[in-house]
S.K.: 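Have a look at this one before I ask anything.
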Amino acid sequence: MTTNNTKDPLVIFTPSGKRGHFPSGTPVLTAARQLGVDLDSVCGGRGICSKCQVEPSFGEFPKHGVTVSETALSEWNSVEQRYDDKRGLAKGRRLGCQATIQSDVVIDVPAGSQVHRQVVRKRAEARDITINPAVRRYYVEVEQPDMHEPSGDLERLRQALEKQFDISGIDADLHVMQSLQPILRKGDWKVTCAVSTGITEGTGAQKPAILQVWPGYHETPLYGLAVDLGSTTIAAHLCDLTTGEVVASSGIMNPQIRFGEDLMSRVSYSMMNDGGADEMTRAVREGMNALFTQIAIEAEIGTDQIMDVVFVMNPVMHHLFLGIDPYELGQAPFALCTSEALSVRASTLGLAIHPSARAYILPSIAGHVGADAAAVTLSEAPDKSEDLVLLVDVGTNAEIQLGNKDKVYACSSPTGPAFEGAQISSGQRAAPGAIEHLTIDPITKEPRFQVIGSELWSDEPGFAESIASSGITGICGSGIIESVAEMRMAGILDASGLIGSAEQTGSSRCFADGRTNSYTIWDGTADGGPLITVTNPDIRAIQMAKAALYSGARLLMDKFETDTVDRVVLAGAFGAHISPKHAMVLGMIPDCELDKVTSAGNAAGTGARIALLNVAARGEIEEIVGNIIKIETAIEPSFQSHFVSASAIPNATEPFPILSSIVTLPDVNFNTGGGDGASSGRRRRRRG
Ligand code: FES
């Protein structure tokens with residue numbers, strides 16, 4: 001017991017700074033528990049697991065007002081010696097369950113002994129992840145059966161877990177019972193259990209459950225998967241649930257692609273084909289199992305060591321993965337079957353991992369704003385931000401959030417696949433050979449570019465050799481955005497989105513293409529390669545996509561009654577490659593200081609990892625999502641007028657003062673009443 005008797009020795013724990021007086025002879029682990037110090041223990045203080053290692057310090061501590069003598073802790077005992085002989089204890093370390101307090105002492109709890117240790121994230125603004133997994137190991141000693149007090153082995157195991165670790169109401173699957181009796185006897189009534197500690201609150205509540213029992217003390221690590229199920233790719237991180245370490249990451253293309261490239265075509269497939277939704281459910285689950293097998297092989301573990309899995313995904317993927325027909329998501333009012341978080345057995349989803357593994361699916365925010373957006377919220381925490389942050393996850397639908405610690409709004413906007421290089425004449429997915437960065441000289445109007453797979457720019461020596469294996473094949477999403485923005489900055493494109501003719505721009509790279517003009521970036525036709533151009537329909541597709549994105553953001557700014565945002569965070573793989581300056585020249589995102597536009601990388605995947613490693617984050621995100629104010633763009637009258645204004649580059653009505661201070665956009669107008677330069681351009685049609 002902590003006492004108020006100041007004659008009792010004073011114990012100070014670092015780094016927490018927690019302190020209290022304890023009677024002489026109190027084990028360090030007991031003192032730590034009573035003070036709420038984060039000190040691990042799997043074996044319940046039996047000197048077996050060594051998770052409770054601490055490091056006492058001796059000497060003068062003026063900061064704490066104590067002097068610690070060499071005899072402040074009890075003498076090294078035989079249990080510590082046994083452990084040291086067998087496994088080795090680092091110099092200066094003691095087992096907290098064995099060492100007892102004798103006089104005032106300062107005790108450090110090293111990171112490896114903290115239950116809720118932190119995984120430090122690299123980006124300054126990102127939150128660290130607290131390790132607090134749903135599945136843990138517990139070593140227990142179970143009462144032997146007694147003729148005089150008959151009870152089942154499972155009941156006595158439950159009692160032991162309740163008594164020794166305070167976990168009550170525990171479930172166990174049949175496969176656990178089938179192997180329980182020989183395991184208990186083999187372990188001489190001492191066993192290690194993997195227990196899912198359950199989630200007590202929220203819609204994703206789970207009862208605690210024994211997932212697996214091993215005889216004696218068992219140290220094999222437990223693993224979990226954080227899965228981001230996207231419409232194009234499925235990405236998974238395999239994490240050690242104790243250390244939080246990502247031990248393997250892998251991804252595959254979503255096998256549903258064969259039923260339709262984008263979400264709506266998959267919804268249509270399910271509408272038009274009997275059993276179409278089931279077919280897609282089967283496909284994604286099979287793909288998922290193939291991915292899990294691949295990732296387990298890579299990590300050299302068995303898939304049955306994976307005991308917990310967290311999923312994030314958009315609403316259509318959510319329904320198809322769960323085996324729910326997405327029919328209602330294809331038509332207004334876009335009702336989800338459920339937006340609540342879900343906890344189910346992984347086996348009910350057909351997942352071939354540990355037979356008792358649990359699956360947790362984050363809550364969805366709204367009809368088109370899914371669990372992936374909730375994961376972005378968990379990762380980027382707009383609800384905790386002091387400044388006003390605009391969070392954009394760009395995909396075929398942009399999921400947009402705007403908020404600060406007072407409130408958060410969310411909406412989705414139908415950007416379509418143009419930002420991913422689809423619907424663009426020379427567009428392609430981001431893959432080797434795709435142009436990803438581009439600049440245009442404002443005087444000569446000549447482009448130079450970088451291609452995925454090479455560090456070199458196209459006008460640098462060695463470029464041709466560096467891309468010999470891939471060639472130059474097309475333009476990916478970031479490349480097309482930079483191309484359009486650079487064309488605007490170089491005066492090849494006017495604010496309405498028209499490409500000038502060769503005469504108007506003074507560039508022979510502009511040529512008449514039907515009723516409008518196009519701009520040649522690369523002509524590889526002489527060598528059998530492609531002609532890579534930006535056409536006016538390409539510009540239109542980008543204009544529509546960026547106008548949809550901006551209008552969604554602007555609508556949320558209206559709701560917030562603001563004309564400016566403090567920060568813009570771009571999530572998703574696309575966000576990681578996009579250039580803030582080019583995005584702003586296009587008017588994709590609101591006017592903002594460029595250094596306040598950052599990329600959050602795969603924030604949805606990070607959010608999934610947070611929910612996997614910290615079970616408390618699951619309840620937290622359920623509550624946050626419940627408080628997010630959802631805006632449906634389709635019924636907001638101002639969305640349309642914002643869209644019209646935002647179709648111009650950067651915008652027909654809104655000033656972009658910060659952008660204007662950085663870039664002067666040429667005052668050109670190529671809408672000369674049909675004089676689109678077609679005749680003059682025709683002469684130079686295939687210039688490379
Ligand atoms: Fe397991 Fe101390 S708590 S060795």
Side-chain angles (χ1 to χ4, degrees), residues 1-2 9 11-16 18 20 22-57 72-102 105-117 131-133 135-142 157 159-167 184 187-195 197 210 212-222 240-244:
M1 279 286 289
T2 322
V11 185
I12 299 161
F13 285 98
T14 59
S16 65
K18 290 186 174 159
F22 291 86
S24 177
T26 306
V28 172
L29 178 63
T30 307
R33 282 187 171 160
Q34 288 181 11
L35 288 173
V37 171
D38 194 13
L39 179 57
D40 202 357
S41 159
V42 168
C43 72
R46 292 184 183 81
I48 295 169
C49 69
S50 90
K51 299 291 178 204
C52 61
Q53 292 182 31
V54 292
E55 218 167 289
S57 304
L73 293 183
S74 56
E75 281 186 10
W76 182 254
N77 73 10
S78 57
V79 175
E80 290 173 297
Q81 189 58 49
R82 189 187 65 205
Y83 190 86
D84 194 27
D85 292 344
K86 234 165 126 186
R87 303 258 172 99
L89 261 180
K91 197 165 179 300
R93 292 276 178 95
R94 301 289 304 270
L95 292 182
C97 61
Q98 301 301 314
T100 62
I101 296 153
Q102 303 297 317
V105 64
V106 175
I107 296 174
D108 186 53
V109 179
S113 302
Q114 295 168 13
V115 186
H116 303 114
R117 69 196 80 170
I131 306 299
N132 179 20
V135 182
R136 293 166 185 268
R137 280 183 292 123
Y138 295 91
Y139 173 82
V140 279
E141 293 181 6
V142 181
L157 172 58
Q159 280 163 11
L161 282 163
E162 178 157 7
K163 197 161 140 214
Q164 293 163 42
F165 291 99
D166 213 16
I167 309 168
L184 279 168
D188 194 21
W189 304 97
K190 300 178 188 70
V191 290
T192 304
C193 304
V195 174
T197 48
I210 301 167
Q212 176 95 39
V213 185
W214 297 273
Y217 180 68
H218 183 84
E219 275 210 317
T220 306
L222 309 178
D240 181 319
L241 291 176
T242 310
T243 62

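Read the numbers this way: they start at 1 and go in the same order the structure lists the ligands and their atoms.
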S.K.: Has the side chain of E80 got a donor or acceptor atom that lies under 3.5 Å from a matching backbone atom of N77?
M.R.: yes
S.K.: Suppose we screen for side chain to side chain contact (heavy atoms under 4.5 Å, CB included). Which residues come up paired with T100, at least two apart in sequence or across chains?
M.R.: P27, S74, Q102
S.K.: Just to be sure I understand the site: which N, O or S atoms from the protein are less than 2.8 Å away from atom 2 (Fe) of ligand 1?
M.R.: C52 SG, C97 SG
S.K.: List for me each residue that meets side-chain hydrogen bond (donor to acceptor under 3.5 Å, both in side chains) alongside W189, sequence neighbours excluded, and say none if there are none.
M.R.: none
S.K.: Got a sec, which residues hit side chain to side chain contact (heavy atoms under 4.5 Å, CB included) with T14, two or more places apart in sequence or on another chain?
M.R.: H64, V106, D108
S.K.: Side chains of V105 and F22, heavy atoms from C-beta outward: is any pair under 4.5 Å?
M.R.: no
S.K.: Check this for me: D85, atom CG, are more than 12 non-hydrogen atoms of other residues, nucleotides or ligands nearer than 6.0 Å?
M.R.: yes
